[in-house]
Q: 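Okay, handing you the structure first.
On a predicted model such as this, the values are computed, not experimentally measured, just so you know. Lettering of chains follows the sequences in order, A, B, ..., and the numbering in each one begins at 1.
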Amino acid sequence: MLRNAGSAAHVKIRIFSCLSTMTVRTRFAPSPTGYLHIGGARTALFAWAYARHHGGQFILRIEDTDIERSTPEAVQAILDGMRWLRLTPDEGPFFQTQRMMRYKEVIQQMLAAGTAYRCYMSKEELDALRAEQEARHEKPRYDGRWRPEPGKTLPTPPAGVQPVVRFRNPTDGVVAWDDLVKGRIEISNAELDDFIIARADGTPTYNFCVVVDDWDMRISHVIRGDDHVNNTPRQINLLRALGAPLPRYGHLSMILGPDGTKLSKRHGAVSVMQYDEDGYLPEAVLNYLARLGWSHGDDEIFSMEQFVQWFDLDHITSSAAQFNTEKLNWLNAHYIKHCDDARLGQEIRRRLAREGVTGTAFPDPAAIAALYKDRVQNLNELADAAHPFYVAPHPPAELATQHLTEAARAALRDLRCRLASADFSPETLAKALKETLAATGLKMPQVAIPLRVVLLGQTQSPSIDRVLAVMGREEVLKRLDRVMG
RNA sequence: GUCCCUAUCGUCUAGAGGCCUAGGACAACACCCUUUCACGGUGUGAACCGGGGUUCGAAUCCCCGUGGGGACGCCA
């Protein structure tokens with residue numbers, strides 16, 4: 001799978017296999033400096049779907065070369081997020097920190113081949129150079145002072161300075177590629193400078209590791225956020241210098257926050273696990289994300305199987321999309337409605353347990369889910385609805401005075417008698433209710449609402465007979481007696 | 001500042017020169033259903049950023065503005 005040696009022979013095999021089998025291999029390559037947020041999740045989803053659609057492989061690669069900022073917690077958070085979304089990689093996770101020998105080897109080769117060179121410029125000198133360039137309204141870039149040229153005399157390396165290694169970027173011509181989502185993009189080499197591929201301490205940098213990894217891992221399609229568009233020409237030049245085949249590139253436009261501004265840690269860019277926390281079903285989040293920047297005619301609701309079958313890069317919008325919670329809520333409500341009762345029951349238990357409510361075996365949470373699934377937008381609302389079934393509420397004072405009038409109490413007493421001997425089947429419950437209406441001359445709401453107040457501490461609920469059935473005789477009578485005295 | 005990307009209802013989007021009097025969905029509003037609240041059903045309002053071209057014909061192609069975004073690290 002991964003090779004540590006890059007001999008010419010195996011380069012040849014690599015090219016051959018790409019051309020002959022056309023295997024699609026995509027990757028998701030997050031850096032573990034934080035959790036998996038919604039933008040990263042969509043990138044992963046699209047890369048995953050593209051590979052699946054073409055019967056190829058989806059690879060997860062953790063780009064942890066920034067030792068300062070990478071944490072094991074973040075690695076775990078990314079893995080958790082992907083597992084929750086069921087975006088299972090076919091290969092990996094691979095860690096760049098475990099491939100250091102390979103990067104160093106390639107750097108040595110480039111140094112030997114003259115496609116890279118040592119640069120002894122200090123950070124201070126660099127900063128000064130940039131400041132000058134900015135003062136002249138120029139794009140800040142390295143001036144190539146340590147770049148070897150035929151007939152050029154290089155400065156003498158200062159003593160005691162550890163050099164960085166820079167890539168010898170072509171100086172003229174343009175780098176162009178047909179972006180899978182944005183179309184043809186051309187960038188002049190004059191815009192690019194000789195970027196650093198190895199730091200003074202010898203560790204390789206991002207643009208270099210990406211190139212070596214994409215090459216070694218035989219990535220055929222690089223699908224990533226469009227904040228990487230500017231890196232692409234550098235990576236293409238590097239790949240060419242290495243004699244490596246070029247993958248195809250597709251750059252996804254970004255996801256903006258609900259207010260149209262960039263997602264930031266402060267708003268919108270929450271962990272995907274937060275959506276679990278907030279009561280969203282992963283299939284709702286996935287469906288929502290799939291439609292954010294991609295479309296298939298008028299189709300809005302579809303399974304992941306369907307998505308994989310339909311997915312292509314031709315129907316991706318090239319402009320940024322704004323996150324819209326209302327639509328996510330709508331999808332979530334839809335998926336809850338169509339979700340299996342037993343699974344919803346488990347979700348109710350899990351969420352109730354989180355609030356310290358245990359002993360939720362009776363009534364069956366799945367039965368409560370069946371009662372409420374088509375009236376909630378998220379699983380937390382479902383758990384909230386289930387709560388009073390397990391913890392008898394005290395009817396709020398104002399609801400009691402407003403609804404538990406003498407007439408209502410009389411009706412409830414009448415109903416209690418009939419219920420005491422009922423078997424709590426839907427038929428007998430409906431019959432008892434009707435008899436009470438007839439006996440008291442009240443209308444259904446005049447009995448149902450006081451009953452809701454007594455049983456659930458609320459004026460709203462599903463059909464009261466269904467509530468009675470789920471709550472069960474024993475508990476219903478207990479609650480009636482407690483309030484009616 | 002320089003370079004790159006981008007622009008259809010409030011939002012996500014359909015749209016590949018005539019199928020567009022611009023379609024769908026969310027949200028909003030109205031009505032219907034109703035045992036309360038929801039669900040659901042039906043319906044209404046709502047958009048091609050501006051200006052120039054090309055063409056018999058432009059939402060669609062080209063140019064220039066303008067708005068938005070990204071990049072310009074010994075971060076990824």
Q: Return the nearest nucleotide to the side chain of A:S295; candidates are B:C3, B:U13, B:A76.
A: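 Nearest nucleotide to the side chain: B:U13.
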Q: Which nucleotide, if any, forms a Watson-Crick or G-U wobble pair with B:A25, using both distances under 3.5 Å?
A: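 Per the H-bond distance test, B:U11.
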Q: Between A:R199 and B:C75, is there a contact of a side-chain N or O with OP1 or OP2 at under 4.0 Å?
A: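 Affirmative; the distance criterion is met.
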Q: Would you indicate whether the side-chain heavy atoms of A:I223 and A:L313 approach each other to under 4.5 Å?
A: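 They are in side-chain contact.
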Q: Determine if the base of B:C39 is syn or anti; take syn to mean the glycosidic torsion is within 90° of 0.
A: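 Glycosidic conformation of B:C39: syn.
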Q: Could you give the CG-to-P distance, from A:D64 to B:A76, as a whole number of Å?
A: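 A:D64 atom CG is separated from B:A76 atom P by 10 Å.
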Q: Given B:C12, B:U35, B:C72, which nucleotide is nearest the side-chain atoms of A:K139?
A: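 Of the options given, the side chain of A:K139 lies nearest B:C72.
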Q: Ignoring hydrogens and geometry beyond distance, is a side-chain donor-acceptor pair present between A:S303 and A:Q306 at under 3.5 Å?
A: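 Distance-only check fails for A:S303 and A:Q306.
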Q: Expressed as a whole number of Å, how far does the C1' atom of B:U8 sit from that of B:A46?
A: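 Pairwise C1' distance, B:U8 against B:A46, rounds to 12 Å.
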Q: Which is it for A:R99 and A:D216 under the salt bridge (Lys or Arg N to Asp or Glu O under 4.0 Å) test, yes or no, and what are the steps along the way?
A: CA-CA 11 Å; A:R99 290 178 36 78; A:D216 285 353; 2.8 Å; yes
Q: Classify the nucleic acid contact of A:G293 as base, sugar-phosphate or nothing, counting any heavy atom under 4.0 Å across all strands shown.
A: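 Answer is sugar-phosphate: A:G293 comes under 4.0 Å of backbone atoms only.
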Q: Supply the atom-to-atom distance A:L415 CG to A:T436 OG1, rounded to the nearest 0.5 angstrom.
A: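 Answer rounded to 0.5 Å: 4.0 Å.
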Q: Could you measure between the two P atoms, the one in B:A47 and the one in B:G10, and give it in whole Å?
A: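 Looking at atom P only, B:A47 and B:G10 are 7 Å apart.
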Q: On RNA chain B, check which nucleotide each of A:R42 and A:P140 is closest to and give me the residue with the more 5' one.
A: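 It is A:R42 whose nearest nucleotide is closer to the 5' end.
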Q: Is there a ring pair (Phe, Tyr, Trp, His ring centres under 6.0 Å) between A:W146 and A:Y117? Walk through the geometry before answering.
A: CA-CA 8 Å; A:W146 289 92; A:Y117 60 91; 9.0 Å; no
Q: Counting only side-chain heavy atoms from C-beta out, which of B:C3, B:U35, B:C74 sits nearest to A:I464?
A: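 Closest nucleotide to the A:I464 side chain: B:U35.
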Q: Consider the side chain of A:T65, meaning its heavy atoms from C-beta on, and name the nucleotide among B:G70, B:G1, B:A76 that approaches it most closely.
A: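 Of the candidates, B:A76 comes closest.
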Q: Whom does B:C3 pair with, Watson-Crick or G-U wobble, provided both distances fall under 3.5 Å?
A: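 Because both required distances fall under 3.5 Å, B:C3 counts as paired with B:G70.
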Q: Would you state whether a donor and an acceptor, one from the side chain of A:D298 and one from the base of B:G23, lie under 3.5 Å apart?
A: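 Indeed there is one.
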Q: With sugar-phosphate meaning primed atoms plus P, OP1 and OP2, does A:S319 contact a base, only sugar-phosphate, or nothing at under 4.0 Å between heavy atoms?
A: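 Touches sugar-phosphate only.
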Q: Tell me whether the side-chain N or O atoms of A:R69 pair up with the base of B:C75 as donor and acceptor below 3.5 Å, since no angle test is needed here.
A: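 Counting by modelled atom types and ignoring angles, a donor-acceptor contact under 3.5 Å is found here.
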Q: For the side chain of A:Q322, starting at C-beta, report the closest nucleotide among B:C4, B:G1, B:C12.
A: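 From the listed options, B:C12 comes nearest.
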Q: Could you pick out which residue, A:S461 or A:W294, lies toward the 5' side of RNA chain B when each is mapped onto its nearest nucleotide?
A: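 Per heavy-atom nearest nucleotide, the more 5' residue is A:W294.
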Q: Taking only the C1' atom of each, what is the distance from B:A28 to B:C72 in whole angstrom?
A: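 It works out to 43 Å between them.
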Q: Between B:G24, B:U36, B:C5, which nucleotide has the shortest distance from any of its atoms to the side chain of A:R375?
A: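 The listed nucleotide nearest to A:R375's side chain is B:U36.
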Q: Measure from the side-chain heavy atoms of A:A321 and tell me the nearest of B:U13, B:C3, B:U36.
A: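 The nucleotide sitting nearest to the side chain is B:U13.
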Q: Would you kindly give the CD-to-C1' distance between A:E134 and B:G73, to the nearest whole Å?
A: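 The answer, rounded to whole Å, is 12 Å.
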Q: Find the partner of B:C20: check Watson-Crick (N1-N3 plus N6-O4 or O6-N4) and G-U wobble (N1-O2, O6-N3) distances, both under 3.5 Å, and reply none if neither fits.
A: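 The base-pairing partner of B:C20, which may sit in any strand shown, does not exist here.
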Q: Report yes if a side-chain nitrogen or oxygen of A:R130 is closer than 4.0 Å to either non-bridging phosphate oxygen (OP1 or OP2) of B:G1; otherwise report no.
A: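 It does not, given that no N or O in the side chain of A:R130 lies less than 4.0 Å from OP1 or OP2 of B:G1.
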Q: So what does A:H228 touch, heavy atoms closer than 4.0 Å: a base, only the sugar-phosphate, or nothing?
A: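 Base contact.
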Q: Quick one: look up who B:C75 pairs with, Watson-Crick or G-U, both distances under 3.5 Å, and put none if it's unpaired.
A: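 Paired with no nucleotide.
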Q: B:G70 P sits how many Å from A:I185 CD1, rounded?
A: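 Going from A:I185 (CD1) to B:G70 (P), I get 16 Å.
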Q: Tell me whether the side-chain N/O atoms of A:T33 come closer than 4.0 Å to OP1 or OP2 in B:A76.
A: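 Answer no for this pair, as no side-chain N or O of A:T33 is under 4.0 Å from OP1 or OP2.
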Q: Quote, to the nearest angstrom, the P distance that separates B:C5 from B:C9.
A: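 These two P atoms come out 23 Å apart once rounded.
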Q: Work out how far the P atom of B:C62 is from that of B:U6, and round it to whole angstrom.
A: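 That atom pair is separated by 11 Å.
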Q: Under a 3.5 Å cut-off for both distances, is B:A46 Watson-Crick or wobble paired, and to whom?
A: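 Answer to the pairing question: none, since B:A46 forms no Watson-Crick or G-U pair.
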Q: Can you tell me whether the side chain of A:K327 and the base of B:C12 have a donor-acceptor pair closer than 3.5 Å?
A: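 Pair found.
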Q: If you look at every strand shown and take non-hydrogen atoms under 4.0 Å, does A:V164 touch a base, only sugar-phosphate, or nothing?
A: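 Touches a base.
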Q: Report yes or no: is there a donor-acceptor pair, N or O only, under 3.5 Å between the side chain of A:R452 and the base of B:U35?
A: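 Yes, a donor-acceptor pair under 3.5 Å.
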Q: Between B:C29 and B:U21, how far apart are the two C1' atoms, rounded to whole Å?
A: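 Each nucleotide's C1' atom is 24 Å from the other's.
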Q: Is A:I196 touching bases, backbone alone, or none of the nucleic acid, heavy atoms closer than 4.0 Å?
A: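 A:I196: base contact, heavy atoms under 4.0 Å.
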Q: If the cut-off is 4.0 Å, is A:T317 near the phosphate of B:U13, judged by side-chain N/O to OP1 or OP2?
A: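 For B:U13, OP1 or OP2 has a side-chain N or O of A:T317 closer than 4.0 Å.
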Q: Give A:K443 one of three labels, base, sugar-phosphate or nothing, depending on what nucleic acid heavy atoms sit under 4.0 Å from its own.
A: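 If one applies the 4.0 Å heavy-atom cut-off, A:K443 turns out to touch nothing in the nucleic acid.
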Q: Under 4.0 Å from OP1 or OP2 of B:C4: is there any side-chain N or O of A:R234 that close?
A: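 Answer no for this pair, as no side-chain N or O of A:R234 is under 4.0 Å from OP1 or OP2.
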Q: A:A448 side chain: which of B:U13, B:U35, B:U36 is closest?
A: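 So the nucleotide nearest the side chain must be B:U35.
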Q: C1' atom, B:A59 versus B:C19: distance in rounded Å?
A: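 To the nearest whole Å, 14 Å.
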Q: Determine whether any donor atom in the side chain of A:E300 lies under 3.5 Å from an acceptor atom in the base of B:G24, or the reverse, and answer yes or no.
A: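 Yes, the side chain and the base share a sub-3.5 Å donor-acceptor pair.
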Q: Tell me the partner of B:U54, counting only Watson-Crick (N1-N3 plus N6-O4 or O6-N4) or G-U wobble (N1-O2 and O6-N3) with both under 3.5 Å; none if nothing fits.
A: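 The answer is none; no pair meets the criterion.
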Q: So A:F195 and A:F208, ring pair (Phe, Tyr, Trp, His ring centres under 6.0 Å) or not? Walk me through it.
A: CA-CA 9 Å; A:F195 59 97; A:F208 179 77; 9.0 Å; no
Q: When you measure from the side chain of A:E326, which nucleotide among B:U2, B:C5, B:A27 comes out closest?
A: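 For A:E326, the side-chain atoms sit closest to B:A27.
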Q: Would you measure the distance from the C1' atom in B:A22 across to the matching atom in B:U36 and give it in whole Å?
A: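 Going atom to atom, C1' in each nucleotide, I get 42 Å.
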Q: May I ask you to verify whether the side chain of A:D299 and the base of B:A25 hold a donor-acceptor pair under 3.5 Å?
A: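 No.
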Q: Under 4.0 Å, heavy atoms only, any strand: does A:D193 hit a base, just the sugar-phosphate, or nothing?
A: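 Nothing, no nucleic acid heavy atom in range.
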Q: Taking the six-membered ring for Trp, are A:F46 and A:W294 ring centroids under 6.0 Å apart?
A: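 No: the rings miss the under 6.0 Å criterion.
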Q: Are A:R418 and A:D414 ion-paired here, with the side-chain N under 4.0 Å from a carboxylate O?
A: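 So A:R418 pairs with A:D414 through a salt bridge.
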Q: Which is true for A:P30 with a 4.0 Å heavy-atom rule: it touches a base, it touches only sugar-phosphate, or it touches nothing?
A: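 It contacts nothing in the nucleic acid.
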Q: Any side-chain donor-acceptor pair under 3.5 Å between A:D66 and A:Y206?
A: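 There is no such pair (donor and acceptor under 3.5 Å, judged by atom type) between the side chains of A:D66 and A:Y206.
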Q: Name the closest nucleotide to the A:D465 side chain, picking from B:A71, B:C5, B:U35.
A: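 Nearest to the side-chain atoms of A:D465, counting from C-beta on, is B:U35.
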Q: Evaluate the ring planes of A:H296 and A:W310, with Trp represented by its six-membered ring, and classify them as parallel (under 30°), tilted (30 to 60°) or perpendicular (over 60°).
A: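 Taking A:W310 first and then A:H296, their aromatic rings lie parallel (interplane angle under 30°).
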Q: Have a look at A:K182 and say if it touches a base, only the backbone sugar-phosphate, or nothing, with a 4.0 Å heavy-atom cut-off.
A: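 Counting heavy atoms under 4.0 Å across all strands, the contact made by A:K182 is with sugar-phosphate only.
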